[in-house]
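Worksheet for the structure shown next.
Values below: every heavy atom of this structure, side chains too, minus hydrogens, waters and symmetry copies.
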Amino acid sequence: MKNNIILAIILLSFFCTCKNESKKNEQDKVQNIESFAQLYGYARWFHSSDEAQKIDWDKFAILGIQKVKKITSSAELKDTLYHLFSPIVQGLQIYETQKPEIFNPEILHSPYLKAKPVAWQHYGVYLDNPQNIYSSIRTYKSDIDTVMFDHIPQFGEIIKEPIGSNLICVVPLTLLTNDTSTYPQIDKLKFDQLKSEIDKVSIDEYFFDMQTNLASVIITWNVFQHFFPYFDVIDTDWNEVLGETLRDALSNKRKKDFFVTLSRMISKINDGHGMVLEELMYLLPIRAEFIENKIVVTTSNDSTLKRGDIILQIDGRSAMEALDEKEKIISGSPQLRRYRALNILGGKLDRNTSNADIFEITNDNGKEKHEAGSSSTRLVIERDGKTQNVIVPNSREGSIIYNPINDRKYSSETIVEIAPGIYYINMSNCSGNEFEQKKDILSKAKAVIYDQRGQIKLNFFQIVPYLIKEPVTSTWWNIPQTVYPNRKEIEFDSANWKVEPKQPYFKSKSIIINDPSVVSAGETMMDIIVHYKLATTVGESTGGCNGNVNFINLPCGYKVQWTGMKVLKYDGNQLYTIGFKPDYPVNKTIQAIKDGRDEYLEKALEIARQ
C-alpha cells in the first residue's frame, strides 16, 4: 500500500512537471512570435530599403514563425531576428534592454552628393487593393509622385522600440537613394540566401495550416496597430490582443476554428465594418429580435416556428449564452453586435452531418429519436406558456450583415399610401426609378415615411436633394497621413462634399424609421438629415460606423475588412460606436409580434398624423 502511494505521488509530480513545462514552452513560443511580429511591422511598413520591396512579405511572416517558435533564450532570439531581418533592413540594431547601444546615422550616408531621401508615406495604407482610395509610397521612388504630403521623417530619424523578450530594436525610417539603389547597400549573398528561403515557403490558402494562420494574425495585428484610426475612442489593449489571439490560434484544429479566432480578434476594435470575409454560414430560416429581455421569433419561413415563439435553448445551451457567443465574433457598437448576432443565431459554419447529435423529442406520438447535425439546429422554445423541443433546418446561406427574411407589414410593397396623404416607402424594395416616378405625388403629400431598415435599394443620396432648398455639405472624411509607427504624430487630410437641391421640393413631413442596420453611407446621409433638421427619426439607434473600408488579403485565404478613415458627426462629436439616436425610440413588445403589428411603423404613422 505504501509503495502504491509513493508511486502515485511520483506519477502526479511527473504529470505536473510535464504540464508546467508544456505551458512554459507555449508561453515562450507566443512571446517569441510577438517579438517577431512587432519587428515585422516596423520593417514591412516603415523601412524604405529597395530590398524590402523585393520579397514576399506573407511568406516572410511564415518563415519567421518557423525560425523563432522553438527558441528558448533571449540571446538566441536576438541573433535569429537579426539574421532574418538584416538582409532587408539597412542599419538594423537589436540589443538587450540592459545593454543599450548607440545608433550612428553616419552608416546610412550615400557616396552620391545628390542622393534623395527615401521614406514611407501612408495615405491610410495601401494593401494591394488597386480600386481603393488609400495609397502608400516611398518618397522619390514613385513614378507618379515624389511626395504625397509635406510630413516626411528626416534623415537620421529612427524607430527605437521595445519588442518584448527583453529586446529593443532600432530601424531607420529614412534612407538615401541615387535612383538606382538605397544605401548602404546590403550584402547581396545574404539577401539572395534569405530570398531563396522565402521562395521555398509554400502557401495553400484552402487548407488549415497553423503557421499560415499565425502569419495572418501577425499581418492583421500590425495593420491595425499602425493604421487603425479609432484606438483613441475604444478601451482595448491591442498589445494584449496579439498574445491572446496567437494562443487561440495555436489551439485551433480546423480552418473554421481559425475563422472564429480571427473574428474574435477583429471584434476587439468595435468596428462595424470590421469582419472576416470568405466564409459562409448556414442559417435558420427565421428573423429573431431581442424583445422584453427575450429572444423572440418575429417571422419564420419554416412552419415549425411561429411569430412570438420565445427561443429558450439552442443545441442544448441557453439561448442567451448562444447569443453572447455570436456577439463575441462580431465587431461593432453594442447595438450593431446584437442586431448582427441575431441574424446568425443558431447558424453553423459548415453543412456536413457528421458528429450528429442524437436526442429524444416528446410529441403527440410519444418519444421519438431525432438526429441534428450542422445542417439543422435543435431548439427549445416557449409557445403560449408551454415549452417544446423542435428541429429546424439551416436552409439559407447568408452572412452577419443582413437578414433577408422580412417581417414588416408592407414587406412586398415599394411606395404605398397607408393613410390619406401619408405615404410609406419600403426602401428595401423601392428602386430609384420608382421613387423618381412618384416624386411629384410625394412632394405634395402630408407626410412620407421612409423605412430604411435592412438592406436597401433606394438610399438617401437620391432622396435628400428633394428635401433641401439650398446646397448642404456632408461631414468631413479624415484620412490618416502616417509616417511613424504606432500611430504617432498622425495628421489627417480632410475633405467633404456638397449636395445640390433638386425640384420638386418636398413640402411633405419626412419621418425615417431606423435600426442598427443603418451604417456607413446610411449614416453619412443621416448626419446631413440630423444636422439640417430634414426629418424626424423613429425606432432605434443607427450602427455607429462610417468611412471608406480597406481590406487585408491574408495568406490563410481570408480577407479582413475594416474602416480606414476617421469620421465624426457634423458637430464634431463621436459617431463611432454611438450612431444617431432616434427622436422617438420604440421598444417592441412580444404581444405586438404575435398580433403581427409593426410598432415602429405605428409610431411613425402616429407622428405623421399629428
Side-chain angles (χ1 to χ4, degrees), residues 281-323 326 338-348 357 359-398 400 402-413 426 428-429 451 453-455 513 515-517 539-540 586-603:
M281 290 188 178
Y282 301 94
L283 306 174
L284 289 169
I286 66 170
R287 176 179 285 275
E289 295 188 39
F290 192 70
I291 301 172
E292 297 179 13
N293 294 317
K294 296 177 181 178
I295 299 172
V296 182
V297 176
T298 60
T299 191
S300 174
N301 285 351
D302 187 284
S303 59
T304 309
L305 296 174
K306 297 180 180 180
R307 294 175 68 104
D309 286 347
I310 298 168
I311 301 176
L312 302 176
Q313 291 184 21
I314 300 174
D315 287 330
R317 304 170 62 192
S318 78
M320 286 307 302
E321 186 180 344
L323 181 63
K326 287 292 191 285
R338 176 60 54 85
Y339 173 86
R340 289 179 171 172
L342 288 163
N343 284 344
I344 60 173
L345 191 66
K348 309 291 174 66
D357 185 11
F359 57 94
E360 288 185 337
I361 285 181
T362 302
N363 53 31
D364 294 337
N365 299 320
K367 289 186 176 181
E368 296 180 355
K369 284 192 174 182
H370 291 267
E371 179 179 297
S374 55
S375 62
S376 60
T377 299
R378 174 164 54 107
L379 303 177
V380 177
I381 63 169
E382 179 185 320
R383 180 184 297 166
D384 300 327
K386 298 179 181 179
T387 61
Q388 297 183 31
N389 296 295
V390 298
I391 302 172
V392 183
N394 296 320
S395 57
R396 65 183 178 92
E397 293 183 351
I400 66 171
Y402 298 112
N403 186 335
I405 299 175
N406 202 318
D407 60 352
R408 294 177 224 162
K409 181 177 181 180
Y410 299 102
S411 60
S412 61
E413 302 286 350
N426 181 352
S428 294
N429 287 355
D451 190 343
R453 291 173 287 179
Q455 190 169 14
I513 301 176
D515 71 6
S517 69
E540 298 176 69
V586 177
N587 294 316
K588 289 187 175 182
T589 63
I590 297 175
Q591 188 59 51
I593 297 300
K594 290 181 178 180
D595 295 342
R597 293 164 39 217
D598 184 344
E599 291 168 289
Y600 287 6
L601 180 55
E602 289 177 353
K603 188 63 179 179

Indicate the atoms forming the closest heavy-atom contact of [X] with [Y], along with that distance.
| X | Y | answer |
| --- | --- | --- |
| Ile314 | Ala322 | CD1-CB, 3.9 Å |
| Asp598 | Arg408 | OD2-CG, 3.9 Å |
| Tyr339 | Pro516 | CB-CB, 3.9 Å |
| Met320 | Ile295 | SD-CD1, 3.9 Å |
| Arg597 | Glu602 | NE-OE2, 2.9 Å |
| Leu342 | Ala288 | CB-O, 3.6 Å |

Between [atom1] of [X] and [atom2] of [Y], what distance do you get to the nearest 0.5 Å?
| X | Y | atom1 | atom2 | value |
| --- | --- | --- | --- | --- |
| Arg287 | Leu305 | CZ | CG | 15.0 Å |
| Glu382 | Gln388 | CD | CD | 10.5 Å |
| Leu323 | Ser318 | CG | OG | 9.5 Å |
| Asp302 | Ile286 | CG | CD1 | 9.5 Å |
| Ile400 | Leu345 | CD1 | CG | 13.5 Å |
| Leu379 | Ile391 | CG | CD1 | 9.5 Å |

Taking the six-membered ring of Tyr600 (Phe, Tyr or Trp), confirm whether the NZ or CZ of Arg453 is under 6.0 Å from its centre and within 45° of its axis.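 The answer is no, since Arg453 fails at least one limit relative to Tyr600.
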Does a donor on one side chain sit under 3.5 Å from an acceptor on the other, for [X] and [Y]?
| X | Y | value |
| --- | --- | --- |
| Thr589 | Glu599 | yes |
| Ser517 | Asp515 | yes |
| Asn429 | Ser412 | no |
| Asn406 | Ser411 | no |

Would the distance check show the side chain of [X] and the main-chain N or O of [Y] forming a donor-acceptor pair, the cut-off being under 3.5 Å?
| X | Y | result |
| --- | --- | --- |
| Arg307 | Ile593 | yes |
| Ser428 | Gln455 | yes |
| Thr377 | Gly346 | yes |

With a 4.5 Å limit on heavy-atom distance, are the side chains of [X] and [Y] in contact?
| X | Y | answer |
| --- | --- | --- |
| Ile381 | Thr387 | no |
| Ile590 | Lys294 | yes |
| Ile291 | Thr298 | yes |
| Glu289 | Asp407 | yes |

Can a salt bridge be assigned to the pair Asp315 and Lys348 using a cut-off of 4.0 Å between side-chain N and carboxylate O?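 Looking at Lys348 together with Asp315, the answer is yes, because their closest N to O distance falls below 4.0 Å.
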Taking only Lys NZ, Arg NE, NH1 and NH2, and the carboxylate oxygens of Asp or Glu, determine whether Arg383 and Asp309 approach each other closer than 4.0 Å.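 Yes, Arg383 and Asp309 are salt-bridged.
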